[in-house]
Amino acid sequence: MAEPILKVNSVTKCFGGLTAVDDVSFSVEKGEIVGLIGPNGAGKTTLFNVISGYYAPTKGSVIFQGNDISGKPPYHLAGVGIGRTFQVVKPFAGLTVLENVTIASFLKHPKKADAERHAWQVLETTGLADRANVSAAGLTLAGRKRLEISKALALDPSFLLLDEVVAGLNPTEADRTVELIMKLKAQGLTILIVEHIMRVIMNISDRLVVLNFGKKIAEGTPSEVSSDPHVVQAYFGEEAA
Amino acid sequence: MMELLPQALTDGILLGGIYITIAIAFSLTYGVMHVIDFAVGEWIMFGAFTGYYLNKWTGLDPFLFLPVIFVLYFGVGYVIQPVIHRVLSGTKGNPFLMGLVFTFGLAIMFRGLALTAFGFYSNSIPSAFSEGSFNLEPLGLTVTIPTVRLVGLGYAVAITLILHYLLKKTNFGLGVRALAQHKDAAGLMGVNSKRTGSYVYGIYVGISAMTGVLLGCILSIGAQMGNEYTIFAFFVVVLAGMGYLAGVPWAALLLGLVQSIFMIYFNPSHTLLAVFAILYIILLISPRGLFGKGV
Amino acid sequence: MKNRGATILAIIGAALLILPLVMHDTFVLRVLTEGIMWIGLAIAFDVIAGYTGYLNFGHGAFFGIGAYTIGILMMQANLPFWAALPLGGVAAGITALIAGIPTLRLKGAYFAIATWALSRAIQQLALNVEFTGGPDGMRLEAFLNPQFFYYLMLITVGVIFATLWYLLERAPFGLKLKAIREDEEGAKALGLNPTKLKMQSFILSALPTGILGGIYAYWITFIDPSSTLGDLVSDQAVVMVVFGGMGTLFGPALGAILIFAFKTLFWAYLSDFQLLYLIILGALIAISVIFIPNGLWGTMVKRKAGATRPEQKAEPASEPAALSAVAAPEEGN
Amino acid sequence: MKFGFVRVLLLIAALFVAIPAYAEQRNFFKIGVITELSGDLVTGGNITKRGYDLWAQEVNAKGGIEVQGKKYPVKLVYADAQSNPAAGAAAAERLITQEKVDFILGPYSSGVTLAVAPVVDKYKIPMITGSAESPLIWKNKFKYTFGTIPPINFTGATSIKTLTEMKPAPKTIAIIGSNDAFSKATAEAYKTAAEKAKLKIVKFSIVPSGQDMTPLLSAVRSMKPDVIAFGGHDEEHVKFVKALKQIGYTPKALLMHCGITDKAFIDAVGKDGEQIFGTTCWTGTAKTKSKVLWPNAAAYAAASQKAYNNPGDYTQGGCSAAGIAFQTALQKVGAKPGMDEAMRTKLIQALEQIDVQTFYGRVKFATSGEFYHANVGLDPLTVQIQGGHVKTVGPKASVEAPAIYPMKEWKSR
Amino acid sequence: MNLLDVNGISVNYGDIQALWNISFSVAKGQLVALIGANGAGKTTTLKSLCGLIPTASGTIHYDGKLVTGMPVHKVVDLGITLVPEGRQLFPKMTVEENLLVGAYLKRAHGKRAQTLKRIYEIFPRLEERRTQTAETLSGGEQQMVAIGRALMQDPQVIMFDEPSLGLAPIMVQEVFKVIQELHNQGLTIFLVEQNVHQTLKVADYCYVMENGRIVGQGTGKDLEADESIREAYLGF
C-alpha cells in the first residue's frame, strides 16, 4: 500500500490545563473520505486546527505527503495542498461571493483574470455561480456553507478538511452538499470530514474516527463504529447505573 | 548627584500621583465600554475652568467645590454616554473605530467651545494648599514635598481606594466588573448594561473634571491644556494594559519616575523621547501592557 | 456605468490639467495644490486603515520623515530636488518597515496608540538632534512657482491614485488585503500570509505619504517638527477618510475634498469666526459618525445599489474554539 | 451618483470663483494681517491681533493715514495661519492675490513668518511683523520682511547685565529653556550673556514644551544658583513659577522674558509673580515720546486698557508700532492705496531708512548683518513685577524704580 | 398552570430565519426538556426567551406577563434565569464573586448570605475554591459555578443550555443529579441537552427540535421508545 496522504501521530493539544486533544493517531489514505465524529466538545475542531496549522500540537506530529507539517503556518499548508472549511462560517462579509473565491484562487492563479476565471469554474461546480455577484453577507446559511467549500476548493487542494458543512441545512440542501462531496471524491480528492448529521457521515465515509473527551475511542468502517458500545455511550450519555 | 535621589523619587511619585488621577477612571471606562475617549483631556480642562470660575465668584477654596464639580460632570457624562453607546453598538462600519473618531470629534468641539468661552490665556487656580511644603530635613533627607502635590497624591490614593472599594465591595461594582468581563452573562445576572454604562461614564467624567481642578492648583489651566493630558492618559492606560485598573497606579508611577529621573540625571530635553520610547518598547515586549493583562 | 465613471474622471482630470492655463489666480492654485495633496494623503492613509483595517494614528510621521529627508538632502547634501524626492518616499517606506515589524502584531486600540506613540517619539527625536534644526525647523531654498507645484502635486497624486487603484481595485493585492481586514485567521487558510500582506500595505501607505511630505517641504519652504511631525496629518487623514468612507479610494478622495474645501472656505472667508470652525468641525465629525457610519461615499454607493446590505449579526463566540456553537439553521428552499 | 460627486466639485469651484478678486479703485489702505488665530499659538496670535487692531482703530479715529494732504482710512483683512506654516503661506498668497492688500502685518511666531517671508518676497509686498523675534528670520535676509521687536539675542544681554549690577552681585546662574524655537533662543541668549558677564552657569537645560519641570527644578535647587533664568511661553511661565514655589526654592533673582509683562501672567500667578525679572523693550510706563498717534507709552497703555481691559505687553505694543512704521513710510513716499510695484519698492527703501520715535520707542531697522531688517532702534529694558505692575529697573537711563533684590522668600509673601 | 408560555415565536439572524413559529409551554414545577441536533435552534430559543436576542414575531409570557421585547435584565428580574452554554463565567472574578454577581438583583440581594451558604452545601468544592478565579477552574467546577450563580438569583425557572457539554462522564452524572435535586425542590426547569438518555429519563415532558422547528413532543418515556429520536441523533 502507498504511503498515506496524512498521518496524525500521537497528537496532543493542551490549552492551559485543558487537554482538548489527547494522544490521537490515525491516518488517511489517498482518495478516501474519513469521517471524524464525536459529541460536542470532543476535540474535533481542535484537531482540525492542528492539522490545518492553526495550532501547533503540544505533542506528536502531523505528516502530510511524507513531510512533517506540524506547526507550519496555515498559509504554508494551503500552499502544499490542504484546503479547509470553518465550522462557524465566516465569509469575507464585505466582499462578493466571487471575490471571496477569487482570493483563494490567487494561490494557484496569481493573475487576477485567471483567478477570476478559475473562481467561476469553482462556483459552477459548487452551484453558486448564479449568486457570484451578491455580497457574501447576503447569502443564506446553505449558501455560506457552500461558499466555504468553494473557497477551499479554489485552492486546488489535494486534501480537504470539511468542518460541519452539512449541519444546519435542510434535507434537500444536505443532499446537494453530499452529492458535491461525492463528486469531489470522484475527482480524486482526499477528504477528512467532521459532521454531526450521522445520516450523512455514515453514508459518505469510507472510514470513521471517533473522538470523545479528546481521545480516540473507536476507528473503523461506519458499520463497525455504529455497533461499538463506546460510541453509542458517547452519544447518548451513560446509562445511569 | 546621588543626594538628589530621594528628591527625584519623591518628585516622580508625586507626579505619578497626578497621572493616576488622569488615567484611572479613563481605564475603567475603557474596560467597561471599550471606548478610547479622546476627550479625556477636555473633561479635565472643563473641570479646571469650572473650578477656576467657582473660586473666582465665591472666593472659596476650589477644593471645597470638588463634590459640586463631580456631581455636575457626572450628570454631563451620564447624559452623553447613550450617544457613545449608540455609536459603539452600531453594526455598520467599524464600531471601535467609530467610537474613537466620535470622541475625537467631541474633543475638537470642546476645545473650540472652551476657546470661545474661556479665552486663550493660561491661568492658575489659587488654593490654600498651594502655600507651603513639608521638609523632610528632620529625617535627614533633603526632600521637599509641596503641600498641594501631597494633597494631589492623597486625592489620587483616595480616588483609587474609592474606586477599588466601589468595584470590589459593592453590588454596583460587582455589576460593573461583570459587565466588563462578559456583557451577555452580566445581563443574565440582571445588570442593566445601558444604565451601568452611563454611571461608569458619569463617574469617569466626574473624576476627570475634579482632576482638572487639582491640576489647575498644581500646574496651570488653559483652553488648550487637554491635549497634553490626553497623551498621558493614553500612555498610562496602555502601559497598564487597557482596562486593567490595578495596573494604572504602577504605570502612572513608572511614568512619573521616568520623567523625574530623566530630568535630573539625563538630558532633560530627551525626557519625552524616553517616555515614548519606553511605551513603544513595552508594547513590543508585552503588547497588552506591563502586566500583560489588558483587554 | 463604468464607462461613464471613467469619462467623468477623464473630464475632471483634463479640467485639472488645463486649469492653470486659463486661470491665473495663484491663491486658487495653491489651494488646489494643497487640496490635491490631501487627497493623496487620505488615500494613502486608507490603504492601511480602510483596506487592511489598521488605524494608523502615526501616519503623520511618514509625512514628516519625507519632508525632512528632502529638506536635509537638498540643504545639507546639496542634492537636486528630483534626486531627493524619491528618497523621501524610500525613507518613509523604510520607517514603515522598521515600525511595522513590531506594531503590526498589535490589534485595534493598541495598534492605534503604538503608532501614535511612535510618531511622537519621532517628533521628539527631530526636536533633539542637530541635523534637523531642532525646534527651529529647517528652511529650504524657495522655489515658488505655483504652476510647477500644482502640476507636480497633480501628477504625483494622479500617479499615486492610479497606482493604488490598480493595486487595490484591479490587481489581486487589494482583494487580499480586504480578506485580511475581514478575517485575518480565515485568510490564512486560503494561502494568504497576513504578516507579509500587512507589511506590504503599511509600506504602500507610507511611501506615497513620504513623497508628498517631500513635495510639501519644497513647496512651503519651511518645515519644523510641529507642522510636519505633529498630529495634524494623522488627525486630518482620519477625519477625511471616515467622513468620506473607508476602504475605497473615491471615499477618502471625496472626504478630502469636502473637508478641505470646508476648512479652506471657512478659513478664507469667515476668519472672524475662526473658533466656530473648531466647534463646527468637531460637531460635523461626531454627527457624521452617528448618521453616516459608512461615510459619504459608502452611503451614496449603497443607496445607488438600491439594496442595503444586511449586516451579519456577529455570532457570540464562546471560549475555546472546540466548544463553539454551530451557526443558526436557516430557511429551506 | 457620480453626478453627485461632480455636482459637489462644481459647487466648491463655484464658491471659490463666486467671491471674486475685485480690483478696485479704493480710497483706503487695505492691509493684510496674517497671524495665529487658532492652533497651539492662539494666545500669541490674538495678542498680535490686538496690537494691529488697536493701531487701525486709532488711525481710523483720526480719519486715516494722511498722505499728501488726503486722509486714507485703513482696513484690516485677517487671515488665520492656524499656527501652521503652510496655512501661513497660503494666507499670504490669498491676501496678496485675492484681497490685493497693500502690505502685510505679520505673524506672531517665527515658524509661520519663515514660511510667509518667501511668499511676500516673491510678490514684493512689504511685511512687518510685530512679534516674531527668532534670530533665524533675520539671518535669512528676506528683502520684504521687517520686524519691530528686536531679536532676543539682541535684547537678552541687558537683563543679565542689570542683574550683575545688583548688590551683592550674583555669581551663579541656572538657565532653562523650553524646547521650541523662541524659548530655546531665549535660553541661549541668556547663556551667551551670562558667559560674557562671567556668571557661573551651574545648569543649562532645554526641556520639552509643556512639561512639569519640578524634578528639574529640584536638581537646580541643590545647586543653589543665585539666578534662575527661564525661556518659555505663557502657560510654561505659570507652571514654572508654581513649581519653583512648591519646591520652596527662592533664588536671589528669577529672570524670565517678555511674557511676564502681560497682565494675564500677573493675574494668573498673583503675588507669586512679584519681583520676577523680565526682558523686554517696552512697558506701559516706558519713557517714550512720540508725535505719531499715541504721545507716549502711558497713553497707549490707557487706550489698550480701555479696549481690552489689559494695558498690553510688548508684543502687542510691537504690533501697533509695526503699523506706525508703515504709516510713517507711506507718508514719506506719498503712497496711495493700490500701490504698484515701483511704489512698493520705494516703500521698502523708506522702511529701510526709517528712524522714528513712537510710543514704543525708536523704530529703526538694521540694513545689514545678523539683525537684517529687525528693529535695532530700541533700548532693551530689564523689568520687574512690583506691586502687580511692571516696572523698569534697568538699564540706568530708563529706571522707574530700584530693583528689589534679592527676591523675597515665597513663604513670607 | 403554565409558568412559561411560548407562542409562535420566530427569530431572524439578519436575513436568515433561525426559528420558525416555535410554541411550547412549561408548567410550574415541571422539568421540560428541549432536545435536538446541533444547530437545530435550541440555543437561539433560550436566548430569545430571556431577551438576549429579539424575536421577529410571536409572544412569550411568563407567569401571565408578556416578556417579549423586554431587555434581559428585566426578564431575569421576573424570576427566569439561564445557565448559558459554555458557562460564560466572569473569568477574572473569584468563584465567590461570580456567585455574588448572581445576587445582583435587589430581589435576591437580601438573602444572599443565606443562598451562598446553601450553594456551598450543594457544591462543597466551590467553597474550597472560593478565592480562585473562575478561569482557573476545571470544566466541571465551572459548570457548578454557573449553576450556583443562577441559583443565587433565587429563580423560579432555571433554563439550562447543554450543561453536560464537554464534561467528563462522572461530572455529567453529577450535573444531572443536581438538576434532578433542584427539580425535586420544586424549581421549574427547562433543559436543553444533547445527552439524550439522561435527559429523557429526568424530563417530565420533552420537545424535539430540528432545523428551527419543533418536530415532536411527548413525555420522556414516549420519546425514549421512539426510534426517530435515535435516528435524528445517530443516523442508524
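Quick note on labels: first sequence line is chain A, next is B, and so on, each numbered from 1.
Listed options D:D40, D:N46, D:I247 were ranked by heavy-atom pairs under 4.5 angstrom with chain B; first place goes to D:N46. For the set B:T271, B:L15, B:I218, B:V148, the count of heavy-atom pairs under 4.5 angstrom toward chain D peaks at B:I218. Each of D:T43, D:V269, D:V42 has some count of heavy-atom pairs under 4.5 Å with chain B, and the biggest count is that of D:T43.
Of the atoms belonging to D:K271, it is side-chain heavy atoms, and not backbone ones, that fall under 4.5 Å from chain B. Heavy-atom distances place both the backbone and the side chain of B:L219 under 4.5 Å from chain D. With a threshold of 4.5 angstrom between heavy atoms, B:F262 does not approach chain D through any atom at all. Neither the backbone nor the side chain of D:D272 comes within contact range of chain B; no heavy atom of the residue lies under 4.5 Å from a heavy atom of that chain. Heavy atoms closer than 4.5 Å to chain D are found in the side chain of B:Y229, but not in its backbone.
Using modelled atom types, no side-chain atom of D:K239 and backbone atom of B:S220 make a donor-acceptor pair closer than 3.5 Å. Remark: the backbone N or O of D:G39 is paired with a side-chain donor or acceptor of B:Q224 at under 3.5 angstrom. Remark: side-chain polar atoms of D:K245 are not paired, donor with acceptor, to backbone N or O of B:P146 under 3.5 angstrom.
Rounded to the nearest 0.5 angstrom, D:D212 CG and B:Q259 CD are separated by 7.5 Å. Here the OG atom belonging to B:S122 is positioned 9.0 Å from the CD atom belonging to D:E236, to the nearest 0.5 angstrom. Annotation: the span from D:R221 atom CZ to B:L4 atom CG amounts to 8.5 Å, rounded to 0.5 Å. Atom CD of D:Q246 and atom OG1 of B:T147 lie 9.0 Å apart (nearest 0.5 Å). In this structure, CD1 in D:I176 is found 9.0 Å from CE in B:M263, a value given to the nearest 0.5 Å. The distance from atom CG of B:L272 to atom CD of D:Q211, rounded to the nearest 0.5 Å, is 4.0 Å.
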(message) Quick one, D:N179 with B:S269, criterion side-chain hydrogen bond (donor to acceptor under 3.5 Å, both in side chains). Give me CA distance, side-chain angles, the key distance, then yes/no.
(response) CA-CA 7 Å; D:N179 201 3; B:S269 86; 4.7 Å; no

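At a heavy-atom separation below 4.5 angstrom, chain D is approached by no residue within residues 45-60 of chain B. Inspection of non-hydrogen atoms places B:L115, B:F120, B:Y121 of residues 111-121 of chain B under 4.5 Å from chain D.
A pairwise comparison of heavy atoms in D:V238 and B:N123 identifies CG1-O, 4.1 Å as the closest pair. Taking all atoms of both residues into account, the shortest heavy-atom contact from D:A268 to B:S124 is O-CB, 3.3 Å.
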